[in-house]
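The structure appears below as structure tokens.
Here the structure is a predicted model, which is why all the values come from computation and not from measurement. For the numbers below, each heavy atom of this structure counts, side chains included, while hydrogens, waters and symmetry mates do not.
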Amino acid sequence: MRFFLLLACLLSACFPVRIAGESAPEIMTEKVKDDKIKTVMLFREGWELSYPIMKLGSDDRLILHFDLLGDDIETYYYTFIHCDKDWIRSDIFFNDFLEGFPENPIEEYRSSFNTTVKYVHYKLTFPNDRIRLTLSGNYILSVYRAGEPDMPVITKRFIVTENIASIEMNMHRPRMTTNTDTHQQVDFTVNISSLNILDPYRDIYSTVLQNGRWATARCNLKPEFFSNSELKYSSLSDKTIFPGGNEFRYFDIKSIRYKSEFIRNIEFLMSNYHVYLTPSENREYKPYFYQKDLNGKYLIAVQEGQNADTDADYLYVYFTLSAKEPLPGGKVYVGGAFNNWEFGAGNHMAYNAEGSAYECIILLKQGWYNYEYTFIKDSDDNDIIRGFEGNHYETENDYSVIVYYRNPRDRYDRVISTVTANSLNRITD
């Protein structure tokens with residue numbers, strides 16, 4: 001009897017059972033939970049348009065930028081959370097994945113200079129003298145006020161990769177679907193010859209991102225074929241097919257003195273600058289037209305200043321989307337990387353019946369912006385529809401592949417390789 005009791009304890013320790021009524025594990029997402037915090041950016045040092053991916057044990061560093069509106073300087077701390085492939089907190093301790101202090105203050109900050117909207121700019125570069133990450137995987141960077149570690153004001157996702165497996169990618173029109181004129185498919189092959197993986201079908205998972213967007217990612221992908229240490233994700237599957245979308249709309253507000261393309265007017269009213277964009281048209285049924293863009297991203301820049309971090313001003317930007325009548329059954333939003341692709345009150349467009357258009361005003365820092373219009377259904381499935389943009393197989397997009405490996409003896413998911421390529425088949429990082 002004692003043997004069976006001991007065996008039951010061991011099994012329960014190795015394979016924990018969720019108690020009825022117990023909540024599911026939290027999926028860690030990207031959020032900004034303070035309306036006074038603006039322009040949150042995380043990228044690899046040396047390239048502001050890069051995705052937040054760094055190689056383990058290399059000289060790579062990531063940089064976080066954000067602004068706090070107002071004159072008051074607040075003290076912020078940061079920490080890291082290691083996650084599994086599904087962005088659920090890993091079952092490992094701090095000292096398993098980092099060296100140094102688990103909680104540290106953000107010490108680099110400066111007040112804005114000669115701007116109509118006052119703010120404090122914060123900057124964090126890591127790894128640094130205080131902390132170094134020692135394992136690959138999915139990570140959350142959590143920023144919080146002093147004494148409030150359980151109430152983060154910023155959470156950002158980033159990837160630490162080992163890059164010990166090679167990946168070859170190819171983007172093309174889908175072959176096994178009717179959406180050949182509107183969608184794109186990603187084929188890729190993962191070479192794991194340098195690794196001793198006994199059961200790759202069970203232990204390896206892959207994720208594909210379009211333009212760095214996790215909300216539309218294809219996750220937990222399994223290969224169609226495995227031979228000669230190569231995992232092949234081919235056109236036989238429909239799991240790596242994405243709507244092509246369209247080239248992003250854009251505008252340039254680096255200058256408050258000159259009107260650039262798509263800027264209808266710039267006014268100074270009640271101590272603030274107001275920028276009125278040229279009214280947008282519905283592009284859903286228009287033919288594809290190539291134009292260079294940032295694939296939804298944005299750059300902070302200022303023409304009448306020296307340091308964009310602190311000299312760039314905040315401007316009220318007026319978006320207008322022409323529509324003869326409102327679309328039923330949902331809401332229209334304007335978005336991009338500048339608002340983390342989220343859909344909320346801050347970027348919701350109200351319909352103006354008198355002007356026959358959707359309208360929205362957003363406070364943005366000076367720079368160069370990509371954006372798109374999105375229709376979100378009121379149904380529970382939260383469908384995302386590019387109802388005003390259209391989809392084209394020719395559209396130029398970035399695609400990132402992330403390959404995870406869970407060793408049966410480990411308690412965390414490793415990232416053994418990542419690669420980002422352009423749909424024009426140009427490697428971008």
Side-chain angles (χ1 to χ4, degrees), residues 26-34 37-68 74-90 92-109 120-161 207 209 212-215 217 297 300 309 337-342 400 402 412-413 415 418:
E26 178 187 4
I27 297 177
M28 310 295 288
T29 59
E30 297 187 309
K31 292 289 183 182
V32 178
K33 298 183 179 180
D34 186 339
I37 292 179
K38 304 291 184 182
T39 319
V40 180
M41 306 178 74
L42 181 64
F43 51 83
R44 193 169 65 242
E45 184 179 39
W47 189 12
E48 294 183 39
L49 293 177
S50 63
Y51 298 104
I53 300 173
M54 58 182 292
K55 183 179 179 181
L56 184 68
S58 71
D59 294 331
D60 290 349
R61 299 200 300 173
L62 299 183
I63 303 179
L64 173 74
H65 290 266
F66 67 92
D67 295 330
L68 175 66
E74 294 201 28
T75 301
Y76 290 101
Y77 282 75
Y78 67 95
T79 190
F80 299 104
I81 301 171
H82 192 283
C83 298
D84 67 11
K85 60 182 175 58
D86 300 315
W87 292 100
I88 296 171
R89 187 191 293 262
S90 300
I92 55 178
F93 299 104
F94 277 113
N95 56 5
D96 290 327
F97 62 86
L98 62 81
E99 291 180 355
F101 302 97
E103 301 179 359
N104 296 283
I106 298 178
E107 299 177 320
E108 190 172 352
Y109 53 85
V120 180
H121 179 76
Y122 291 80
K123 179 181 177 182
L124 167 67
T125 304
F126 63 92
N128 51 50
D129 293 339
R130 292 177 177 267
I131 196 165
R132 186 174 71 88
L133 303 172
T134 58
L135 295 181
S136 65
N138 289 348
Y139 280 87
I140 290 288
L141 168 60
S142 178
V143 177
Y144 54 92
R145 292 185 180 88
E148 300 178 350
D150 296 328
M151 293 186 289
V153 294
I154 299 172
T155 53
K156 291 290 290 182
R157 290 177 171 181
F158 68 95
I159 304 291
V160 177
T161 178
T207 291
L209 303 177
R213 296 181 66 174
W214 283 98
K297 297 187 282 291
I300 298 304
D309 290 343
F338 70 86
N339 66 352
N340 201 34
W341 307 100
E342 293 183 348
S400 302
I402 305 166
Y412 73 100
D413 294 327
V415 175
T418 64

If we ignore hydrogens and angles and just use 3.5 Å, is the side chain of [X] paired with the main-chain N or O of [Y] as donor and acceptor?
X      : Y      : value
Asn340 : Ala337 : no
Asp413 : Lys85  : yes
Thr418 : Ile402 : no
Thr79  : Ser142 : no
Arg157 : Met28  : yes
Ser136 : Thr161 : no
Asn138 : Asp84  : yes

Non-neighbouring partners of Val40 that pass side-chain contact (heavy atoms from CB on, under 4.5 Å), sequence neighbours left out: Val32, Ile37, Leu64, Phe66, Ile154, Lys156

Using side-chain contact (heavy atoms from CB on, under 4.5 Å) as the criterion, list what pairs up with Lys33, not counting sequence neighbours. Lys31

Residues at least two apart in sequence or cross-chain that pass side chain to side chain donor-acceptor pair (under 3.5 Å) with His121, listed by chain then number, are His65, Asp67

Quick check for you: to the nearest 0.5 Å, what is the distance between [X] atom [atom1] and [Y] atom [atom2]?
X      : Y      : atom1 : atom2 : answer
Thr29  : Ile140 : OG1   : CD1   : 7.0 Å
Leu42  : Ile63  : CG    : CD1   : 9.5 Å
Met41  : Leu62  : CE    : CG    : 13.0 Å
Glu108 : Leu124 : CD    : CG    : 8.5 Å
Leu141 : Ile81  : CG    : CD1   : 9.0 Å
Arg132 : Leu98  : CZ    : CG    : 10.0 Å

Distance-minimising heavy-atom pair for Val143 and Ile106: CG1-CD1, 4.0 Å

Heavy atoms of Thr125 and Lys123 approach each other most closely as OG1-CE, 4.0 Å

[X] side chain near [Y] side chain, heavy-atom distance below 4.5 Å:
X      : Y      : answer
Lys55  : Arg44  : no
Ser400 : Arg213 : no
Ile300 : Thr39  : yes
Ile88  : Glu26  : no
Leu133 : Phe158 : yes

Is the [atom1] atom of [X] crowded by more than 12 outside heavy atoms at less than 6.0 Å?
X      : atom1 : result
Asp129 : CG    : no
Phe43  : CZ    : yes
Arg145 : CZ    : yes
Phe94  : CZ    : yes

Please name all residues satisfying ring-ring contact (aromatic ring centres under 6.0 Å, His included) with Tyr78, sequence neighbours left out, ordered by chain then number. Phe80

Tell me, please, which residues at least two apart from Phe101 pass ring-ring contact (aromatic ring centres under 6.0 Å, His included). none

Once you measure the plane-to-plane angle for Tyr412 and His82, does it fall in the parallel (<30°), tilted (30-60°) or perpendicular (>60°) bin? perpendicular

For Asp60, the salt bridge (Lys or Arg N to Asp or Glu O under 4.0 Å) test, sequence neighbours excluded, returns none

State yes or no: are the ring centers of Tyr76 and Tyr122 separated by less than 6.0 Å? yes

Trp341-Trp214 aromatic ring centre distance below 6.0 Å: no

Go through Tyr51 and Lys297 one step at a time and tell me if the side chain to side chain contact (heavy atoms under 4.5 Å, CB included) criterion holds. CA-CA 10 Å; Tyr51 298 104; Lys297 297 187 282 291; 3.1 Å; yes

We want to know whether Glu103 and Tyr144 form a side-chain donor-acceptor pair, criterion being a heavy-atom distance below 3.5 angstrom. yes

